[in-house]
Amino acid sequence: MTRQTIAILDFGSQYGQLIARRVRELNVYSKIYRADFPAEELAKLPLKGIILSGGPASVYGENAPRCDEKIFDLGVPILGICYGMQLGCQILGAEIIPAEHREYGRTDLAIAKTSGLLANMPESTIVWASHGDQIGGLGKEFETLATTRTCPHAAVHHKKKDFYGVQFHPEVTHTPKGSVILQNFLYSICACDGDWQMSNFVEETLVQVRKQVGSDQLICGLSGGVDSSVVAALLHKAIGEQLTCIFVDNGLLRKNEREGVVATFRDHFHMDLRVVDWSEQFLKALEGVTDPQKKRKIIGAEFIEAFKFEAGKIENAKFLAQGTLYPDVIESGSKDGNPAANIKLHHNVGGLPEELGFELVEPLRDLFKDEVRSVGEFLGLPEQMVWRHPFPGPGLAVRIIGEITKPRLEVLRAADEILIDEIQAAGLYRTISQALAVLLPISTVGVMGDERSYESVVALRAVETTDFMTADFSHIPFEVLGRISSRIINEVRGVNRVVYDISSKPPATIEWE
């Protein structure tokens with residue numbers, strides 16, 4: 001595919017993915033590359049511009065990340081953000097020094113030149129800054145575009161190299177006019193066409209899948225979640241009866257999950273859907289296991305066995321589809337060297353294709369979650385499926401702290417159903433990014449009727465986020481929380497206490513395990 005591309009060089013910024021998302025929201029395709037990605041490789045892309053991300057280092061520090069300086073000779077505009085600005089300015093002859101007054105948080109920006117990068121901006125606006133260094137002296141070929149009270153060169157332009165730099169973060173919502181700055185860079189400076197549309201992506205992907213698969217059979221692991229559901233719908237549109245979906249019932253699903261998947265994909269979309277009931281094998285393998293990572297590994301291994309059992313019955317199957325997304329690849333640490341930490345074991349990255357000897361098809365690999373939902377809507381998937389909250393591959397196993405047993409699963413399923421019912425009834429489901437119930441490995445004293453009880457505790461978790469890399473707890477009204485708590489305690493036998501998790505990510509993760 002030869003879509004116009006903005007390359008983002010990642011210097012370890014916490015906002016790297018956010019920059020990519022903001023660019024795509026403006027209908028321009030963007031992709032994240034490691035900081036030192038070779039200029040000669042970038043030159044092979046349909047490259048329209050480059051963005052240098054922020055980062056925690058100082059450009060004059062030992063082992064500070066650097067880019068290939070030849071990128072400044074590629075003939076495309078470059079925008080440096082925070083660290084990226086300082087690095088670009090340093091390479092092009094400016095001096096970077098420790099700031100006498102560091103800037104963190106909201107600050108006033110005074111714009112000296114309301115054209116080019118800062119066109120359509122007011123003369124004064126609020127921006128979000130986060131830096132301890134700044135430009136000390138500019139070379140003659142630079143011009144200052146904007147200042148703050150303590151930063152004399154808050155936005156700059158190098159006239160000969162077409163390099164722009166901002167000492168603040170236009171990609172965050174705390175910079176209200178940030179999207180205007182990014183739009184100016186993409187359209188006025190880089191002359192992008194704005195050809196990143198979901199309709200175009202779908203048509204390109206259909207052609208690519210048909211070319212890759214040919215006349216062979218393709219297997220898709222269907223979980224019922226947003227990603228795998230969109231993959232299945234996309235592939236079915238591309239190759240029809242050449243697609244077989246396999247749904248593995250691991251015994252760790254939400255209430256009525258299996259029935260819902262069958263109703264949608266077999267009954268509504270008329271897909272070839274195979275259901276494998278492997279619940280007894282999963283539960284037997286998990287007996288006595290309490291370590292979260294061990295749970296994940298066991299579930300992953302059993303899933304492969306169940307999948308192999310059914311896949312072996314499908315003749316002429318040479319391809320396997322997965323719902324891998326762009327953040328999955330980044331979080332798991334990609335082969336091209338992106339500076340990403342292995343935060344958790346992703347159930348849909350690696351392992352399975354090698355075990356089965358299939359060629360991998362990952363049609364959503366370049367997409368963020370919100371883009372996947374847009375594809376789902378375009379393909380006509382039911383709204384409740386497209387906007388369903390994320391559900392982990394290991395299922396309820398990572399929402400039961402401690403040992404997994406059938407009775408504990410039944411308790412959690414019932415509590416989870418009540419939680420989802422009530423937030424939907426209150427009209428909160430779409431405003432909450434993810435909601436879940438967690439069964440804790442403790443019992444507490446309560447009073448039920450005239451008797452003392454000693455029963456389980458359920459923790460509720462609901463978060464709001466745009467990228468799932470950071471998240472804040474949802475401010476669910478107390479009356480809604482009260483109804484959820486009352487129903488769980490009254491309707492779920494074995495629970496006498498409900499608590500609400502008000503932790504943010506970081507430091508806490510969204511799931512408890």
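Any value given below was found using the heavy atoms of this structure, including those in side chains, with hydrogens, waters and symmetry copies removed. These numbers come from a predicted model, not from an experiment.
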Engineer: Just verifying a value: how many Å separate Asp249 CG and Phe282 CZ, rounded to the nearest 0.5 Å?
Structural biologist: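 Rounded to the nearest 0.5 Å, the CG-CZ separation comes out at 9.0 Å.
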
Engineer: Counting only heavy atoms not in Arg493, do more than 12 sit closer than 6.0 Å to its CZ atom?
Structural biologist: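 No, CZ of Arg493 has 12 or fewer neighbouring heavy atoms, counting only those of other groups under 6.0 Å.
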
Engineer: Take atom CD1 in Ile314; do more than 12 heavy atoms of anything else shown fall under 6.0 Å from it?
Structural biologist: yes

Engineer: For Lys406 and Glu280: C-alpha separation, side-chain torsions, deciding distance, then whether salt bridge (charged side-chain N to carboxylate O under 4.0 Å, His left out) applies.
Structural biologist: CA-CA 10 Å; Lys406 279 188 177 180; Glu280 291 299 325; 2.9 Å; yes

Engineer: Using modelled atom types and a 3.5 Å cut-off, is there a donor and acceptor pairing between side-chain atoms of Ser486 and backbone atoms of Gly482?
Structural biologist: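 No, because the side chain of Ser486 does not come within donor-acceptor range (under 3.5 Å) of the backbone of Gly482.
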
Engineer: Would a line drawn from the ring center of Trp278 to the ring center of Phe309 be shorter than 6.0 Å?
Structural biologist: yes

Engineer: Count the heavy atoms belonging to other residues, nucleotides or ligands that lie under 6.0 Å from CD of Glu241, then report whether that count exceeds 12.
Structural biologist: no

Engineer: If we ignore hydrogens and angles and just use 3.5 Å, is the side chain of Arg399 paired with the main-chain N or O of Val438 as donor and acceptor?
Structural biologist: no

Engineer: Please determine whether ring-ring contact (aromatic ring centres under 6.0 Å, His included) holds for the pair Phe269 and His236, giving the CA-CA distance in whole Å, both sets of side-chain angles, and the decisive distance to 0.1 Å.
Structural biologist: CA-CA 9 Å; Phe269 282 101; His236 190 251; 7.1 Å; no

Engineer: May I ask you to test the Arg254-Ile420 pair for a side-chain heavy-atom distance under 4.5 Å?
Structural biologist: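 They are in contact (side-chain heavy atoms under 4.5 Å apart), so the answer is yes.
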
Engineer: Which heavy atom of Cys220 sits nearest a heavy atom of Val231, and at what distance?
Structural biologist: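 That would be SG-CG1, 3.9 Å.
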
Engineer: Should the pair Phe307 and Phe303 be assigned to parallel (<30°), tilted (30 to 60°) or perpendicular (>60°) ring geometry?
Structural biologist: tilted

Engineer: Check for a donor-acceptor pair, side chain of Asp272 on one end and backbone N or O of Leu243 on the other, with a separation under 3.5 Å.
Structural biologist: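 No; judged by distance alone, with no hydrogens or angles, the pair does not exist.
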
Engineer: What orientation do Trp196 and Phe201 show, parallel under 30°, tilted 30 to 60°, or perpendicular over 60°?
Structural biologist: perpendicular

Engineer: Ignoring hydrogens and angles, state whether a donor on the side chain of Ser504 or Asp472 is under 3.5 Å from an acceptor on the partner side chain.
Structural biologist: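 Ser504 vs Asp472: no donor-acceptor pair found between side chains.
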
Engineer: Should the heavy atoms of other residues, nucleotides or ligands under 6.0 Å from CD of Glu40 be counted, would the total exceed 12?
Structural biologist: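 No, not enclosed.
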
Engineer: Are Arg388 and Glu257 close enough, and set up right, to give a salt bridge (charged side-chain N to carboxylate O under 4.0 Å, His left out), and what steps lead you there?
Structural biologist: CA-CA 12 Å; Arg388 180 188 172 179; Glu257 183 88 11; 2.7 Å; yes

Engineer: Tell me if a side-chain donor or acceptor on Asn256 pairs with a main-chain N or O of Arg258 at a distance below 3.5 Å.
Structural biologist: no

Engineer: Look up atom CG in Leu320 and atom CG in Leu360, then write down how far apart they are to the nearest 0.5 Å.
Structural biologist: 6.0 Å

Engineer: When you measure from the side chain of Thr431 to the backbone N and O of Leu428, does any donor-acceptor pair fall under 3.5 Å?
Structural biologist: yes

Engineer: Tell me if a side-chain donor or acceptor on Arg487 pairs with a main-chain N or O of Ile418 at a distance below 3.5 Å.
Structural biologist: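 No; judged by distance alone, with no hydrogens or angles, the pair does not exist.
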
Engineer: Can Glu513 and Lys295 be said to form a salt bridge (charged side-chain N to carboxylate O under 4.0 Å, His left out), step by step?
Structural biologist: CA-CA 10 Å; Glu513 287 194 340; Lys295 286 181 187 177; 2.9 Å; yes

Engineer: With a 3.5 Å distance limit and no angle check, can you tell me whether Arg3 reaches the backbone of Val28 through a side-chain donor-acceptor pair?
Structural biologist: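 Not a single qualifying donor-acceptor pair exists.
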
Engineer: Judged by atom type as modelled, is there a donor-acceptor pair below 3.5 Å linking the side chain of Thr264 to the main-chain atoms of Gly260?
Structural biologist: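 Confirmed, Thr264 side chain pairs with Gly260 backbone.
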
Engineer: If I take atom CG from residue Asp291 and atom NZ from residue Lys297, how far apart are they, to the nearest 0.5 angstrom?
Structural biologist: 8.5 Å

Engineer: Nearest 0.5 angstrom please: Ile8 CD1 to Leu18 CG, how far?
Structural biologist: 9.5 Å

Engineer: Does Arg430 count as lying over the ring of Trp387, i.e. NZ or CZ under 6.0 Å from the six-ring centre, within 45 degrees of the axis?
Structural biologist: yes

Engineer: Out of Val172, Ile81, Ile32, Leu182, which one pairs with Ile19 under the side-chain contact (heavy atoms from CB on, under 4.5 Å) rule?
Structural biologist: Ile81

Engineer: Check Asn200 against Asp195 and note the closest heavy-atom contact, atom names and distance.
Structural biologist: ND2-O, 3.3 Å

Engineer: With a 3.5 Å distance limit and no angle check, can you tell me whether Glu403 reaches the backbone of Thr290 through a side-chain donor-acceptor pair?
Structural biologist: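 No: the side chain of Glu403 does not pair with the backbone of Thr290.
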
Engineer: Given the side-chain rings of Phe358 and Phe319, with only the six-membered ring counted for Trp, is the space between their centroids under 6.0 Å?
Structural biologist: no

Engineer: Does the side chain of Arg365 pick up a donor-acceptor pair with the side chain of Thr324 at under 3.5 Å?
Structural biologist: no

Engineer: Using the side-chain contact (heavy atoms from CB on, under 4.5 Å) rule, take Ile401 and Leu439 through it: C-alpha gap first, then chi angles, then the decisive distance, then the call.
Structural biologist: CA-CA 6 Å; Ile401 312 302; Leu439 184 61; over 6 Å; no

Engineer: Sub-3.5 Å donor-acceptor pair from the side chain of Ser223 to the main-chain atoms of Gly225, do we have one?
Structural biologist: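 Yes; judged by distance alone, with no hydrogens or angles, the pair exists.
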
Engineer: Take Val372 and Tyr326 through the test side-chain contact (heavy atoms from CB on, under 4.5 Å) and record every step on the way to the result.
Structural biologist: CA-CA 10 Å; Val372 174; Tyr326 198 32; over 6 Å; no

Engineer: Taking all heavy atoms of Ala435 and all of Leu419, pick out the closest pair and write down the distance.
Structural biologist: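 Scanning both residues completely, I find the closest heavy atoms to be C-CD2, 4.1 Å.
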
Engineer: Run the side-chain contact (heavy atoms from CB on, under 4.5 Å) test on Glu315 and Gln217 for me, step by step, so that the C-alpha distance in whole Å, both residues' side-chain angles and the decisive distance to 0.1 Å come before the verdict.
Structural biologist: CA-CA 8 Å; Glu315 295 182 2; Gln217 289 294 119; over 6 Å; no

Engineer: Check whether more than 12 heavy atoms from other residues, nucleotides or ligands sit under 6.0 Å from atom CD of Glu479, and answer yes or no.
Structural biologist: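 Yes, because the 6.0 Å sphere around CD of Glu479 holds more than 12 heavy atoms from other groups.
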
Engineer: Would Asn496 and Ser456 count as a side-chain hydrogen bond (donor to acceptor under 3.5 Å, both in side chains) here? Give the steps.
Structural biologist: CA-CA 6 Å; Asn496 69 358; Ser456 298; over 6 Å; no

Engineer: Less than 4.0 Å between a side-chain N and a carboxylate O, is that true for Arg24 and Asp370?
Structural biologist: no

Engineer: Test salt bridge (charged side-chain N to carboxylate O under 4.0 Å, His left out) on Arg22 and Glu171; report intermediate values, then the result.
Structural biologist: CA-CA 6 Å; Arg22 293 290 180 259; Glu171 71 274 21; over 6 Å; no

Engineer: Enter the distance from Asp36:CG to Asp68:CG here, rounded to the nearest 0.5 Å.
Structural biologist: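 With rounding to 0.5 Å, CG (Asp36) is 8.0 Å from CG (Asp68).
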
Engineer: Show the numbers, then the answer: is there a ring-ring contact (aromatic ring centres under 6.0 Å, His included) between Tyr429 and His389?
Structural biologist: CA-CA 8 Å; Tyr429 191 81; His389 291 176; 3.8 Å; yes

